[in-house]
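So you know, we letter chains A, B, ... as the sequences are listed, proteins then strands, and number each from 1.
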Amino acid sequence: MTWSEAGIDSAYRAAVREGWPLLIPALPFALVLGVAISDGTFGVLVGWSTSWIVFAGAAQLALVTLFVEVGPVSAIVSALVVNARHLMYSAALAPAFRQQPPWFRYLAPYVLIDQIFAVTITKLDADPTYFRRYYVMLGSVFWVSWQVTVGAGVLLGNGVPAEWGLGFAVPVLFIGLTVLSVVRRPALMAAAVGFVVAVVAAPLPNRSGLLVGAIAGVVAGAAIDRDPV
Amino acid sequence: MSAWFAAAIVGLGTYLTRASFLVTLADRDLPPVMIHAMRNVAPAVLAALVASILVGERGVAGLAQPVELVALSVALVVAARTRNLTATLATGMAAFWIARWFAG
């Protein structure tokens with residue numbers, strides 16, 4: 001075996017070995033998303049297709065559950081705003097991309113989800129070829145698993161009677177994501193104010209209460225943020 | 001608006017957000033003010049989403065759903081304790097079914 005073959009092998013193997021502990025917990029999320037899509041309000045084919053068009057769980061879930069219920073504009077804005085954190089991922093990973101070929105720099109962002117960021121941010125010092133192979137392998141595993149599992153969720157949703165109330169998994173999942181996103185006191189303030197204001201403002205026209213709540217939360221969080229800017 | 005069009009907009013917007021620094025290879029960091037604001041965006045939006053799904057257009061009156069409130073409270077506590085999404089999902093749904101059974 002030549003050195004480069006050993007390098008390929010270890011990059012691919014390492015990606016699988018270090019990726020699967022993050023992949024397994026993502027699968028129930030994909031199932032819930034699939035079940036939410038299966039109710040058909042957004043359209044089943046287009047709903048599943050958000051998995052390859054968007055490939056971002058929380059944004060997909062916001063889009064498919066809010067589109068009819070709350071309205072297209074609120075749904076789109078919510079989905080995009082939920083994804084604003086990817087800007088930080090992009091900035092943080094940029095150093096590892098300075099020596100990468102253009103095809104990889106254009107392709108890599110497509111699969112830059114939370115889990116891939118969490119793992120690859122620890123590889124900034126890796127050899128560029130190793131980094132690229134590792135990233136491509138990790139991205140492929142997550143991408144394929146996501147498409148298949150969201151599809152399985154659609155089938156599951158079709159097979160389970162509506163009386164079971166599986167749709168309630170959507171707010172449960174969003175509660176969990178909210179808690180996980182709170183790592184600092186200002187974020188806790190942002191979440192609490194966001195929730196309360198969104199409840200109070202819910203009767204506003206065009207279901208704008210959602211966005212009013214979100215903005216109020218961001219402002220409240222910033223107001224008590226004492227970290228140096 | 002068609003769902004396909006909406007999916008395309010969100011897909012494009014998401015890609016551009018992720019590609020921003022990787023494609024341009026910008027040497028600059030994000031403005032600190034932006035980083036600061038962004039750390040509070042996800043919690044605020046996600047919490048507002050929960051509120052919106054829970055109460056619909058009813059506002060405060062929509063909170064009168066004991067089964068849902070109990071289940072979401074359980075999910076909240078489990079999420080805070082374990083920081084584990086799968087455990088949150090499992091206990092939240094179990095609490096929902098149990099509370100619903102008690103409520104008849």
Notebook entry, point to check: Contact part of B:T82 toward chain A, heavy-atom cut-off under 4.5 Å: side chain, backbone, both or neither?
Noted result: neither
Checklist line | Side chains of B:L72 and A:P171 in contact at under 4.5 Å (non-hydrogen atoms) | finding: yes
Margin query: Can you tell me which portion of B:L16 sits under 4.5 Å from chain A's heavy atoms? Options are side chain, backbone, both or neither.
Written below: neither
Next item on the list: Measure B:L89 against the heavy atoms of chain A and call it side chain, backbone, both or neither at under 4.5 Å.
Entry: both
Checklist line | Most chain B-contacting option - heavy-atom pairs closer than 4.5 Å, from A:A201, A:A216, A:A84 | finding: A:A84
Note to self: Can you tell me which portion of B:L54 sits under 4.5 Å from chain A's heavy atoms? Options are side chain, backbone, both or neither.
What the structure shows: side chain
Next item on the list: Name the member of A:V199, A:V218, A:I53 that forms the most heavy-atom pairs with chain B at distances under 4.5 Å.
Entry: A:V199
Checklist line | Close side-chain approach of A:L166 to B:M93, heavy-atom, < 4.5 Å | finding: yes
Next item on the list: Please round to the nearest 0.5 Å and tell me the distance separating atom CG of B:L22 and atom OH of A:Y89.
Entry: 13.0 Å
Check: A:P28 versus B:T86: any side-chain heavy-atom pair under 4.5 Å?
Finding: yes
Check: Relative to chain A, which segment of B:A90 carries a heavy atom at a distance below 4.5 Å: side chain, backbone, both, or neither?
Finding: neither
Checklist line | Whether A:F168 and B:F96 hold their rings parallel, tilted or perpendicular, with breakpoints at 30° and 60° | finding: parallel
Notebook entry, point to check: How long is the span from the CE atom in A:M88 to the CZ atom in B:R18, to the nearest 0.5 Å?
Noted result: 13.5 Å
Check: What's the spacing between A:L80 CG and B:T17 OG1 if we round to 0.5 Å?
Finding: 6.5 Å
Next item on the list: Specify which of B:L12, B:L49, B:V60 makes the most heavy-atom pairs with chain A at under 4.5 Å.
Entry: B:L49
Check: Below 4.5 Å, heavy atoms only, C-beta onward: do B:S20 and A:L87 meet side chain to side chain?
Finding: yes
